[in-house]
Amino acid sequence: MKKEKAKKIFNSFIEATDQTFVQANEFSVIFYFYIAFSYILLFTSPTLFFQLTEFRISIEIIHGIVTASFLLCTTFVYNKKPLYWINTLVLILRYVGLFDVSAQWHDVFNSLAIVLFLLYYFIVIAILFAKRINEEGGPLDTALLAVGVFFILLGTFLYFEYKWMFIIGGGCCYLYALARVFKNVFYGKNNKELRLIQIIGNIIFYVTMIVGLPFFLEYAGVDSKTIQNIIVPIYAAAIGGIMTLGGVAWTIKKSDKDRKEDDKKKYRPIVNLYKALKEESISGKFWDGSVFKGITNNTFEKSEDKNMAYKLYNLICLNTDFSQFYLSGIIINGALFYSNIKLYVDKNEYFGFDTDTIIYSKNEIKQFSLIIQDLLGNEYKFPTKLEVVGEDEKLIEIKDTGFACDINTEACDERF
């Protein structure tokens, strides 16, 4: 028992470490920038690096945490992926460079290491940054933005000596920004809510792209008079036109969204719990565990991980004459399980689970809801108020039902 508990704690630690340091997020991107800066300072100005004691200690602590995290995650999670082993090796090799610089053995390792480390970390930073900015995009646009960021980082490190790097990098970023804006305005279907830091990041990124284009063209070698007399007026007119078209497109999308919301209200299912008498015979459409066979993590099939058995009791519902719908799955403790068979439920028809249906779970069942799909394809969560009765034979007794709400809504009914 203690061994299993220790294993669960270790797996939880690995998962938390993976999500914090290994996967792409704002936190890991900042850490990569910080570590890359420590590499640059160590190999370009080793004397200054060793003089800054407090800075050096903080750098080494952070680098040690990231190295240990990557080593653990690579060993236990990504052991078959070469890229993670390469990244871990690069993190460890820095200690070789640290000893080399402090011992002043030779400069060959330093020269080679600085080139390899910078190229590698600039690539990693560029990819992480591009993935974070372009979460909903595809591999090609992510690669375009990553190439742009990589050349800008490399050109900045080389003290702006290679102009062509900034031209390539800036050009890629501008192409990405224009394509992204065009897609979002005219083809965007993403309703995902953005966090405040993401909204601020997007505003800074796109405003910088818009305002900075004339300066970028001048830097690239375009004549200033050509920019002032030709490019800027065309650019200003284009921005005005895009903003006007964007406003029209947003109005159309808003109207379409409002229309869909009105349609959802027309088709939103309204269902009542039916408490049948023991001697009453009911004709309707009832599920049993067989319709869930073959699904992932099947909660209707017994296994070593699912050692508690529950039997559903008193889950008989009656559809109203408001609308027809499909019964497509269930939600247990927040986990969604879709059946292999959708039940079409007509108006004023009975539906539910038969009384012999058994649910297996490794955790106590505290929430139970039905997944309902209307005729337009919108999914709803239909919550229930339950009570678990019995000691040896646990019965999930349904006491009441709530109102169907959007499936992503956390709380449908305050009573539940």
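Throughout, residue positions are numbered sequentially from 1 according to the sequence presented. If you're wondering where the values come from, they're calculated on a predicted model, not measured in any experiment.
Between the side chain of D374 and the main chain of P269, no donor-acceptor pair closer than 3.5 Å is present. Between the side chain of N319 and the backbone N or O of D346, at least one donor-acceptor pair lies under 3.5 Å. Put simply, the side chain of D406 never gets that close to the backbone of Y380: no donor and acceptor are under 3.5 Å apart. Side-chain atoms of K285 come within 3.5 Å of backbone N or O of Y344 as a donor-acceptor pair. No side-chain donor-acceptor contact under 3.5 Å links D141 to the backbone of L145.
Counting heavy atoms from C-beta outward, I61 and I65 have side chains that approach closer than 4.5 Å. Contact annotation: the side chain of V147 never approaches that of Y176 to less than 4.5 Å [non-hydrogen atoms, C-beta and beyond]. T401 places none of its side-chain heavy atoms less than 4.5 Å from the side chain of V271. The closest side-chain heavy-atom distance from L343 to F286 is not below 4.5 Å.
The heavy-atom pair separating V149 from C173 by the smallest distance is N-SG, 4.2 Å. When every heavy atom of Q367 is checked against every heavy atom of G334, the shortest pair comes out as OE1-N, 3.9 Å. The shortest non-hydrogen separation linking F300 to G289 is CD2-CA, 3.8 Å. In this structure, S369 and P383 approach most closely via the heavy-atom pair OG-CA, 3.5 Å. When all heavy atoms of T299 and I332 are compared, the closest pair comes out as CG2-CD1, 3.9 Å. Residue L386 comes nearest to I398 through the heavy atom pair CB-CD1, 4.1 Å, listed as atom of the first residue, atom of the second, then distance.
Dense packing is recorded around NZ of K347, with more than 12 heavy atoms of other residues, nucleotides or ligands lying under 6.0 Å away. Other residues, nucleotides and ligands contribute only 12 or fewer heavy atoms inside 6.0 Å of the NZ atom of K293.
For the atom pair K275 NZ and D400 CG, the distance stands at 7.0 Å (nearest 0.5 Å). A distance of 6.5 Å separates CG in N333 from CG in N363, rounded to the nearest 0.5 Å. Atoms CD and CG, on Q324 and N348 in that order, are 10.0 Å from each other to the nearest 0.5 Å. Taking CD1 of I270 as the reference point, atom OG1 of T320 lies at 5.0 Å (rounded to 0.5 Å). How far CD1 of I331 is from CD1 of I371: 4.5 Å, rounded to the nearest 0.5 Å. The distance from the CG atom of N378 to the CD atom of Q373 is 8.0 Å, given to the nearest 0.5 Å.
A distance of 6.0 Å or more separates the ring centres of Y310 and F368. Under the 6.0 Å cut-off for aromatic ring centres, F292 and F337 do not qualify, their centroids lying 6.0 Å or more apart.
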Show your working on side chain to side chain contact (heavy atoms under 4.5 Å, CB included) between V291 and N340 and close with a plain yes or no.
CA-CA 6 Å; V291 297; N340 296 316; 5.7 Å; no
How far apart are the C-alpha atoms of W287 and S339, what are their side-chain angles, what is the distance that settles it, and do they pass the side chain to side chain contact (heavy atoms under 4.5 Å, CB included) test?
CA-CA 9 Å; W287 266 345; S339 71; 3.2 Å; yes
I would like to know whether L336 and I407 meet side chain to side chain contact (heavy atoms under 4.5 Å, CB included); could you show each step before the answer?
CA-CA 10 Å; L336 280 67; I407 195 167; 3.7 Å; yes
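Only one option out of K366, K394, K399 pairs with E387 in a salt bridge (Lys or Arg N to Asp or Glu O under 4.0 Å); it is K399. Screening Y326, F325, Y274, F382 for a ring pair (Phe, Tyr, Trp, His ring centres under 6.0 Å) involving F351 leaves a single residue, F325.
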